Amino acid sequence: MYWVLHVDLDQFIAAVELLRHPELAGRPVVVGGHGDPTRRGVVATASYAAREFGVHSGMPLRTAVRRCPDAVFLPADNPAYEAASEGVMAVLRGFGPTDGAVVEVMGWDEAFVGATTDDPEGLARRIREEVPEQTQLTCCVGIGDNLLRAKIATEFAKPPARDDGGAGAVGTGTFSLTAQNWDVVMGDRPTRALWGIGAKTAAKLAERGLHTVRELANGEPAALAADLGPSLGPWYVQLGRGLSRVQVRGEPWLARSRGREETFAADLTDWADVRAAAADLARKVAADVVAEGRPAARVGVKVRFAPFTTRTRSATLAEPTSDAATIEATVLDVLDRFTRRRPVRLVGVRAEFVTTDE
DNA sequence: TCTGGGGTCCTAGGACCC
DNA sequence: TCTGGGGTCCTAGGACCC
């Protein structure tokens with residue numbers, strides 16, 4: 001039978017940093033931003049010791065340092081995490097020849113592995129042995145009969161979070177979720193527990209009386225289509241039922257867009273500075289486009305005004321191009337279409353590639 | 001809690017064409 | 001001429017995820 005395994009590396013960023021800084025073991029470590037908690041930035045990862053103080057990812061660094069003044073603050077080192085991640089993905093791909101496994105990467109610290117096997121638990125065990133042996137990084141594995149169930153299964157495989165009150169988490173490193181146990185495991189949980197339902201959607205569903213996964217599963221797709229969108233509405237019901245794509249895609253991922261953005265240490269009040277920042281980002285994005293080897297079809301600019309109002313403007317290029325001067329000039333044209341309202345907190349530039357609709 | 005950076009996909013309205 | 005209906009592209013914004 002075909003099985004989907006979801007591999008999730010434990011504390012990935014913190015683990016990579018600890019490999020480089022073994023002397024920090026056991027200490028509260030906070031990774032994120034420029035590693036300076038007096039500057040703007042948020043926590044990418046907090047070590048378990050830092051979490052004891054209530055520090056968690058997404059929290060502003062300024063808040064983190066207030067909660068845990070003794071923490072070690074490290075800057076995010078994306079190239080290092082990319083390299084470590086690639087090492088893990090190579091190990092996973094190593095199961096291809098022997099197990100017919102296919103790997104679909106979902107970011108630095110996650111991947112789906114699809115394989116036809118009678119012993120998914122055995123494959124999960126071998127992955128949990130081989131990855132640390134080759135990379136010194138540990139992982140949990142969720143087993144499912146599709147991608148959604150495998151992904152959610154991993155939540156139950158992880159060690160229970162301190163603040164989740166042991167809400168059914170078993171934390172043995174592996175967990176299996178299929179059509180057989182979907183309702184008993186997930187039925188009473190809030191819809192927010194589903195991969196793809198966030199706070200906003202959960203609130204909208206709750207307004208319609210759909211609070212739990214079971215209630216959502218029994219929802220009426222047509223009614224939700226009218227309320228929440230022709231495609232999203234029915235999809236949410238499918239999520240409630242635990243249904244999703246079954247086949248793991250092994251083809252290399254092709255980026256749809258490449259972008260860069262920057263939050264300034266202090267808000268920019270002079271539009272000339274905003275233009276200079278946008279031009280700088282445009283040149284970097286153009287270099288990324290060239291590196292990608294595919295021309296950009298469209299460019300977009302994002303401006304976040306103080307205190308936190310975000311606006312976007314975009315333009316389709318006369319023809320797809322990788323030319324830096326054209327991209328930069330178009331970005332500046334688009335930028336000048338913004339209404340200048342407040343000091344500028346952030347500027348972002350994004351290039352979209354020609355859509356390769358299969 | 002004064003809220004990063006890198007992405008993906010969906011929606012809805014208007015333009016424009018036949 | 002007072003007004004249909006479908007299709008597609010463009011654009012801005014929203015929601016979500018890692």
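Computed from a prediction, not measured in an experiment: that's the story for all the values here. Naming convention: chains lettered A, B, ... in sequence-line order (proteins, then strands); numbering from 1 in each chain.
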Remember a base hit wins even if backbone is also touched, and classify A:Arg39 as base, sugar-phosphate or nothing at under 4.0 Å, heavy atoms. nothing
Let's see if you can work this out: which of B:dT1, B:dT3, B:dG5 has an atom nearest to the side-chain heavy atoms of A:Arg66? B:dT1
May I ask you to say whether A:Lys284 pairs ionically with A:Asp288, meaning some side-chain N is under 4.0 Å from a carboxylate O? no
Given atom CZ of A:Arg67 and atom P of B:dT3, what is their separation to the nearest angstrom? 14 Å
Does the side chain of A:Leu335 come within less than 4.5 Å of A:Arg275's, by heavy atoms? yes
Regarding A:Ala255, tell me which of base, sugar-phosphate or nothing describes its non-hydrogen contacts under 4.0 Å with the strands shown. sugar-phosphate
Need one value for A:Leu281: base, sugar-phosphate or nothing, where a base atom within 4.0 Å counts as base even if backbone is also close, heavy atoms only. nothing
Once you apply a heavy-atom cut-off of 4.0 Å, does A:Ile197 come out as touching a base, just sugar-phosphate, or nothing? sugar-phosphate
Contact class for A:Gly259 (heavy atom, under 4.0 Å): base, sugar-phosphate, or nothing? sugar-phosphate
What protein N or O atoms touch nucleotides 14-17 of chain B N or O atoms at under 3.5 angstrom, if any, and at what distances?
none

Quote, to the nearest angstrom, the P distance that separates C:dG4 from B:dG14. 16 Å
Pairwise side-chain contact, A:Val72 with A:His21, heavy-atom cut-off 4.5 Å (strictly under): no
Closest to the A:Trp195 side chain: B:dT8, C:dC18, B:dT1? C:dC18
Distance in angstrom units between A:Leu224 CG and B:dC10 C1', rounded: 16 Å
So A:Leu224 and A:Glu220, do their side chains get closer than 4.5 Å, heavy atoms only? no
Return the nearest nucleotide to the side chain of A:Leu232; candidates are B:dG7, B:dT11, B:dG6. B:dT11
So A:Asn78, base contact, sugar-phosphate only, or nothing? Heavy-atom distance under 4.0 Å. nothing
Within the 4.0 Å heavy-atom criterion, would you say A:Trp235 contacts the bases, only the backbone, or no part of the nucleic acid? nothing
Picking from C:dA12, B:dG7, B:dG5, the nucleotide nearest the side-chain atoms of A:Arg313 would be C:dA12
Nearest to the side chain of A:Thr263, which nucleotide is it out of B:dG5, B:dT1, B:dT8? B:dG5
Report yes if some heavy atom in the side chain of A:Trp195 is under 4.5 Å from a heavy atom in the side chain of A:Glu155; otherwise report no. no
Please pick, from C:dC18, B:dT11, B:dT8, the nucleotide with the shortest atom-to-atom distance to any side-chain atom of A:Pro230. B:dT11
When the distance from CG of A:Leu317 to P of C:dC10 is rounded to whole Å, what number comes out? 11 Å
For A:Arg294 and A:Ser322, which heavy atoms make the closest approach, and how far apart are they? O-OG, 3.8 Å
I'd like to check, for A:Phe308, whether its ring lies over the base of B:dC2 with centroids under 5.5 Å apart and a plane angle smaller than 30°. no
Whole angstroms only, please: what is the CZ-P distance between A:Phe305 and C:dA12? 13 Å
Side-chain N or O of A:Ser231 less than 4.0 angstrom from OP1 or OP2 on B:dC9? no
Rounded distance (Å) that lies between atom C1' of B:dT3 and atom CZ of A:Arg62: 11 Å
Choose from B:dT3, C:dC18, B:dT8 the nucleotide whose nearest atom is closest to any side-chain atom of A:Val42. B:dT3
Winner on side-chain proximity to A:Arg337, out of B:dC9, C:dA12, B:dG5, is C:dA12
Quick check on B:dC2: is either OP1 or OP2 less than 4.0 Å from any side-chain nitrogen or oxygen of A:Thr63? yes
Touch class at under 4.0 angstrom, heavy-atom based, for A:Ala199 against every strand present: sugar-phosphate
Identify, residue by residue, the members of residues 200-218 of chain A with a heavy atom below 4.0 Å from DNA chain C, and return them in order of residue number, or none. A:Lys200, A:Thr201
Residues A:Asp267, A:Arg40: salt bridge by 4.0 Å N-O rule: yes
Is NZ or CZ of A:Arg340 both nearer than 6.0 Å to the six-membered ring centre of A:Phe338 and within 45° of the ring axis? no
Please state whether the phosphate of B:dG6, meaning OP1 or OP2, lies under 4.0 angstrom from any side-chain nitrogen or oxygen of A:Arg350. no
Residue met sooner reading DNA chain B from 5', once A:Ser257 and A:Leu228 are mapped to nucleotides: A:Ser257
Separation of atom NZ in A:Lys302 from atom P in B:dT8, rounded to whole Å: 13 Å
